[in-house]
K.L.:
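Here it is, the structure in full.
By convention here, the first residue in the shown sequence is residue 1. Quick caveat, the model's predicted, so the values are computed rather than measured.
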Amino acid sequence: MAGMFGLVVAGRLVQTDFCIVSEREAVVEIPDADSINHIVVFLTGTTPFPNGMGGAVYIRWPDGDGSANWHLLGTISNEKPSVIFKVAQLSKASGTSENIFTNNMEETSHGSAQVGIVVESIASLEEKTAAEGTAASRQSTLMEMGSKIARWVVHHAESFAVAVPDGDGRSVEVVPLSAIHDWFNTFSRRFQQNPNFWRTLN
(Lines give C-alpha, C1' and ligand atoms only; values in the text may rest on other atoms or scores of the structure.)
Protein backbone atom coordinates (compact mmCIF):
# COMPACT_ATOMS: atom_id res chain seq x y z
CA MET A 1 0.00 0.00 0.00
CA ALA A 2 2.99 2.33 0.18
CA GLY A 3 2.47 5.28 -2.16
CA MET A 4 -1.03 4.11 -3.02
CA PHE A 5 -2.99 6.97 -1.41
CA GLY A 6 -2.84 10.75 -1.47
CA LEU A 7 -4.59 13.51 0.46
CA VAL A 8 -5.13 17.20 -0.23
CA VAL A 9 -6.22 19.89 2.21
CA ALA A 10 -7.18 23.10 0.40
CA GLY A 11 -4.27 25.56 0.40
CA ARG A 12 -1.69 22.94 1.37
CA LEU A 13 0.73 20.63 -0.36
CA VAL A 14 -0.35 17.13 -1.37
CA GLN A 15 0.36 14.47 1.27
CA THR A 16 1.28 10.95 0.23
CA ASP A 17 3.10 9.97 3.42
CA PHE A 18 0.54 7.43 4.62
CA CYS A 19 1.98 5.07 7.24
CA ILE A 20 1.13 1.38 6.88
CA VAL A 21 -0.18 0.25 10.28
CA SER A 22 -1.41 -3.22 9.26
CA GLU A 23 -1.83 -5.37 6.15
CA ARG A 24 -5.00 -3.48 5.24
CA GLU A 25 -4.74 -0.16 7.11
CA ALA A 26 -2.90 3.08 6.30
CA VAL A 27 -2.93 6.38 8.21
CA VAL A 28 -1.67 9.93 7.60
CA GLU A 29 -1.53 12.87 10.01
CA ILE A 30 -2.95 16.32 9.17
CA PRO A 31 -1.36 19.13 11.22
CA ASP A 32 -3.39 22.13 12.39
CA ALA A 33 -6.66 20.27 11.86
CA ASP A 34 -8.89 22.99 13.33
CA SER A 35 -8.40 25.07 10.19
CA ILE A 36 -9.57 22.49 7.64
CA ASN A 37 -13.05 22.30 6.12
CA HIS A 38 -12.68 19.83 3.25
CA ILE A 39 -10.22 17.15 2.27
CA VAL A 40 -9.70 15.19 -0.93
CA VAL A 41 -8.61 11.56 -0.63
CA PHE A 42 -7.42 9.84 -3.82
CA LEU A 43 -5.55 6.95 -5.36
CA THR A 44 -2.19 8.11 -6.69
CA GLY A 45 -2.34 5.67 -9.60
CA THR A 46 0.80 3.77 -8.65
CA THR A 47 -1.13 0.76 -7.35
CA PRO A 48 -4.83 -0.03 -7.80
CA PHE A 49 -6.98 -1.86 -5.31
CA PRO A 50 -7.12 -5.63 -5.83
CA ASN A 51 -10.17 -6.79 -7.79
CA GLY A 52 -13.34 -6.58 -5.71
CA MET A 53 -11.70 -4.37 -3.06
CA GLY A 54 -11.90 -0.71 -2.09
CA GLY A 55 -11.12 1.56 0.84
CA ALA A 56 -13.19 2.88 3.74
CA VAL A 57 -11.96 6.39 4.61
CA TYR A 58 -11.98 7.57 8.24
CA ILE A 59 -10.93 10.71 10.09
CA ARG A 60 -10.00 11.06 13.75
CA TRP A 61 -9.79 13.90 16.20
CA PRO A 62 -8.35 12.55 19.46
CA ASP A 63 -10.62 13.16 22.43
CA GLY A 64 -9.30 14.85 25.52
CA ASP A 65 -8.91 11.45 27.17
CA GLY A 66 -6.88 10.13 24.22
CA SER A 67 -9.54 7.75 22.91
CA ALA A 68 -9.84 7.03 19.21
CA ASN A 69 -12.57 9.29 17.85
CA TRP A 70 -12.89 7.83 14.33
CA HIS A 71 -15.60 8.93 11.88
CA LEU A 72 -16.40 7.13 8.63
CA LEU A 73 -16.25 9.65 5.77
CA GLY A 74 -17.04 7.37 2.85
CA THR A 75 -15.25 5.13 0.39
CA ILE A 76 -12.86 5.16 -2.56
CA SER A 77 -12.30 2.48 -5.18
CA ASN A 78 -10.73 1.90 -8.58
CA GLU A 79 -14.04 3.04 -10.11
CA LYS A 80 -14.18 6.15 -7.88
CA PRO A 81 -10.51 6.97 -7.24
CA SER A 82 -10.97 10.41 -5.65
CA VAL A 83 -13.56 11.88 -3.27
CA ILE A 84 -14.08 15.26 -1.57
CA PHE A 85 -15.21 15.12 2.05
CA LYS A 86 -16.54 17.86 4.31
CA VAL A 87 -14.96 17.39 7.73
CA ALA A 88 -15.31 20.73 9.55
CA GLN A 89 -18.21 19.68 11.77
CA LEU A 90 -17.01 16.20 12.66
CA SER A 91 -14.55 17.26 15.38
CA LYS A 92 -17.54 18.37 17.45
CA ALA A 93 -19.21 14.97 17.34
CA SER A 94 -18.36 11.63 18.90
CA GLY A 95 -16.92 8.99 16.64
CA THR A 96 -18.88 5.79 16.29
CA SER A 97 -16.58 3.46 14.38
CA GLU A 98 -15.50 0.07 15.66
CA ASN A 99 -11.97 -0.87 16.66
CA ILE A 100 -9.77 0.20 13.77
CA PHE A 101 -6.20 1.41 13.40
CA THR A 102 -5.33 0.00 16.83
CA ASN A 103 -2.04 -1.69 15.95
CA ASN A 104 1.27 0.17 15.76
CA MET A 105 -0.45 3.56 16.10
CA GLU A 106 1.51 6.60 17.15
CA GLU A 107 0.02 9.47 19.14
CA THR A 108 -0.89 12.48 17.05
CA SER A 109 0.68 15.87 17.61
CA HIS A 110 -1.39 18.44 19.47
CA GLY A 111 -4.01 19.96 17.15
CA SER A 112 -3.54 17.27 14.49
CA ALA A 113 -6.07 14.92 12.95
CA GLN A 114 -5.51 11.57 11.31
CA VAL A 115 -7.03 10.16 8.13
CA GLY A 116 -7.08 6.39 7.85
CA ILE A 117 -8.00 4.01 5.05
CA VAL A 118 -9.08 0.41 5.61
CA VAL A 119 -8.97 -1.91 2.58
CA GLU A 120 -12.15 -4.01 2.48
CA SER A 121 -14.33 -5.86 -0.01
CA ILE A 122 -16.69 -3.73 -2.10
CA ALA A 123 -19.62 -5.72 -0.68
CA SER A 124 -18.58 -4.74 2.86
CA LEU A 125 -18.10 -1.10 1.87
CA GLU A 126 -21.59 -0.89 0.39
CA GLU A 127 -23.07 -1.69 3.81
CA LYS A 128 -21.32 1.20 5.56
CA THR A 129 -22.95 4.56 6.32
CA ALA A 130 -20.89 7.73 6.43
CA ALA A 131 -21.01 10.01 9.46
CA GLU A 132 -23.43 12.93 9.48
CA GLY A 133 -21.79 16.12 8.27
CA THR A 134 -19.74 14.67 5.39
CA ALA A 135 -22.10 16.27 2.87
CA ALA A 136 -19.43 17.59 0.53
CA SER A 137 -19.47 14.34 -1.37
CA ARG A 138 -23.20 13.80 -0.89
CA GLN A 139 -24.22 15.93 -3.89
CA SER A 140 -22.05 13.94 -6.30
CA THR A 141 -23.29 10.71 -4.72
CA LEU A 142 -26.93 11.74 -5.18
CA MET A 143 -26.24 12.77 -8.76
CA GLU A 144 -24.61 9.40 -9.43
CA MET A 145 -27.52 7.56 -7.80
CA GLY A 146 -30.13 9.58 -9.70
CA SER A 147 -28.35 9.07 -13.01
CA LYS A 148 -28.03 5.30 -12.53
CA ILE A 149 -31.65 4.86 -11.44
CA ALA A 150 -32.95 7.05 -14.28
CA ARG A 151 -30.98 4.99 -16.83
CA TRP A 152 -32.33 1.80 -15.24
CA VAL A 153 -35.93 3.06 -15.56
CA VAL A 154 -35.42 4.03 -19.21
CA HIS A 155 -33.81 0.72 -20.15
CA HIS A 156 -36.53 -1.21 -18.34
CA ALA A 157 -39.27 0.79 -20.06
CA GLU A 158 -37.63 0.43 -23.48
CA SER A 159 -37.71 -3.35 -23.17
CA PHE A 160 -41.53 -3.19 -22.90
CA ALA A 161 -42.13 -0.54 -25.59
CA VAL A 162 -44.54 -1.45 -28.41
CA ALA A 163 -45.41 0.47 -31.57
CA VAL A 164 -49.01 1.68 -31.73
CA PRO A 165 -50.63 3.46 -34.73
CA ASP A 166 -51.29 7.13 -33.98
CA GLY A 167 -54.13 7.58 -36.51
CA ASP A 168 -52.05 9.61 -38.99
CA GLY A 169 -50.45 6.65 -40.68
CA ARG A 170 -47.53 6.70 -38.31
CA SER A 171 -46.82 4.86 -35.08
CA VAL A 172 -45.59 5.82 -31.64
CA GLU A 173 -43.88 3.73 -29.01
CA VAL A 174 -45.81 3.27 -25.79
CA VAL A 175 -44.95 1.49 -22.56
CA PRO A 176 -47.59 -0.40 -20.59
CA LEU A 177 -48.17 1.08 -17.14
CA SER A 178 -47.72 -2.43 -15.71
CA ALA A 179 -44.05 -2.27 -16.77
CA ILE A 180 -43.50 0.81 -14.59
CA HIS A 181 -45.30 -0.85 -11.68
CA ASP A 182 -43.08 -3.91 -12.17
CA TRP A 183 -39.94 -1.73 -12.10
CA PHE A 184 -41.08 0.11 -8.96
CA ASN A 185 -41.80 -3.14 -7.10
CA THR A 186 -38.36 -4.47 -8.04
CA PHE A 187 -36.70 -1.23 -6.97
CA SER A 188 -38.55 -1.19 -3.62
CA ARG A 189 -37.63 -4.79 -2.86
CA ARG A 190 -33.95 -4.32 -3.71
CA PHE A 191 -33.76 -1.02 -1.82
CA GLN A 192 -35.14 -2.64 1.34
CA GLN A 193 -32.59 -5.45 1.05
CA ASN A 194 -29.64 -3.09 0.40
CA PRO A 195 -30.05 0.72 0.13
CA ASN A 196 -26.72 0.89 -1.74
CA PHE A 197 -27.55 -1.70 -4.40
CA TRP A 198 -27.73 1.06 -7.03
CA ARG A 199 -23.92 1.37 -6.92
CA THR A 200 -23.65 -1.93 -8.81
CA LEU A 201 -26.03 -0.88 -11.61
CA ASN A 202 -24.36 -0.60 -15.02
K.L.:
Under the rule for side-chain hydrogen bond (donor to acceptor under 3.5 Å, both in side chains), what residues qualify as partners of T46, not counting sequence neighbours?
P.N.:
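In terms of side-chain hydrogen bond (donor to acceptor under 3.5 Å, both in side chains), with neighbours along the sequence ignored, T46 is linked to T44.
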
K.L.:
Give the intermediate values and the outcome of side-chain contact (heavy atoms from CB on, under 4.5 Å) for residues Q114 and I59.
P.N.:
CA-CA 6 Å; Q114 289 175 310; I59 193 166; over 6 Å; no

K.L.:
Can a donor-acceptor pair be found, under 3.5 Å and without considering hydrogens, that links the side chain of S159 to the backbone of H156?
P.N.:
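Checking the backbone N and O of H156 against the side chain of S159, a donor-acceptor pair under 3.5 Å is found.
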
K.L.:
Return the minimal non-hydrogen interatomic distance between V118 and Y58, and the atom names on each side.
P.N.:
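In terms of heavy atoms, the two residues are closest at CG2-CE1, 3.9 Å.
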
K.L.:
For residues S112 and P31, report the shortest heavy-atom separation together with the two atoms involved.
P.N.:
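S112 and P31 have their closest heavy atoms at OG-CA, 3.4 Å.
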
K.L.:
Is it the case that one hydrophobic cluster holds both M53 and L73, taking links as side-chain heavy atoms less than 4.5 Å apart, direct or via other members?
P.N.:
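Same hydrophobic cluster.
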
K.L.:
Please identify each residue that fulfils side chain to side chain contact (heavy atoms under 4.5 Å, CB included) with V14, with sequence neighbours left out.
P.N.:
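Testing V14 for side chain to side chain contact (heavy atoms under 4.5 Å, CB included), a comparison that skips the adjacent residues, returns V8, T16, F42.
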
K.L.:
At their closest point, which heavy atom of E29 faces which heavy atom of Q15, and how far apart are they?
P.N.:
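In this case the closest contact between E29 and Q15 is O-NE2, 2.8 Å.
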
K.L.:
Taking the six-membered ring for Trp, is the centroid-to-centroid distance between F191 and W152 below 6.0 Å?
P.N.:
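No: the rings miss the under 6.0 Å criterion.
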
K.L.:
Under 6.0 Å from the CG atom of N51, do we count more than 12 heavy atoms belonging to anything else shown?
P.N.:
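No, the 6.0 Å shell around CG holds no more than 12 heavy atoms from other groups.
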
K.L.:
Under 4.5 Å between side-chain heavy atoms, hopping through other hydrophobics if needed: is there a path connecting V119 to V83?
P.N.:
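Yes, one cluster joins them.
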
K.L.:
Applying side-chain contact (heavy atoms from CB on, under 4.5 Å), run through V27 and V115 and close with a yes or a no.
P.N.:
CA-CA 6 Å; V27 174; V115 170; over 6 Å; no

K.L.:
Quick one: do R190 and T186 satisfy side chain to side chain donor-acceptor pair (under 3.5 Å)? Show the steps, please.
P.N.:
CA-CA 6 Å; R190 293 184 67 181; T186 300; over 6 Å; no

K.L.:
Output yes when a side-chain donor or acceptor of S124 lies under 3.5 Å from a complementary backbone atom of E120, and no otherwise.
P.N.:
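Not at all, since once roles are kept as given, no pair shorter than 3.5 Å links the two residues.
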
K.L.:
Would you say CZ of F184 has more than 12 non-hydrogen atoms from neighbouring residues, nucleotides or ligands within 6.0 angstrom?
P.N.:
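Incorrect, the count does not exceed 12.
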
K.L.:
Please state whether the rings of F49 and F5 are parallel, tilted or perpendicular, taking 30° and 60° as the class boundaries.
P.N.:
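Answer is tilted, since the angle falls between 30° and 60°.
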
K.L.:
Are T75 and K80 side-chain neighbours, meaning at least one heavy-atom pair lies under 4.5 Å?
P.N.:
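No, their side chains stay 4.5 Å or more apart.
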
K.L.:
Could you check L72 against V57 for side-chain contact (heavy atoms from CB on, under 4.5 Å), going step by step and ending with a plain yes or no?
P.N.:
CA-CA 6 Å; L72 176 64; V57 182; 5.8 Å; no

K.L.:
What closest approach, in Å, do I20 and A26 show between heavy atoms, and which atom pair accounts for it?
P.N.:
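Here I20 and A26 meet closest at CD1-CB, 4.0 Å.
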
K.L.:
What's the shortest heavy-atom distance between G55 and L125, and which atoms?
P.N.:
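For G55 versus L125, the nearest heavy atoms are N-CD1, 3.5 Å.
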
K.L.:
Looking only at atom types and distance, does a side-chain atom of D182 sit under 3.5 Å from a main-chain N or O of S178, one as donor and one as acceptor?
P.N.:
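Flag not set: sc D182 to bb S178 has no pair under 3.5 Å.
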
K.L.:
Under a single-linkage definition using a 4.5 Å side-chain heavy-atom cutoff for Ile, Leu, Val, Met, Phe, Trp and Tyr, are I122 and I117 assigned to the same hydrophobic cluster?
P.N.:
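Different clusters.
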
K.L.:
D166 side chain to D168 main-chain N or O, any donor-acceptor pair under 3.5 Å?
P.N.:
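Looks like yes, one N/O pair under 3.5 Å.
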
K.L.:
Does the N78 side chain pair with the main chain of P48, one donor and one acceptor, at a distance under 3.5 Å?
P.N.:
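No.
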
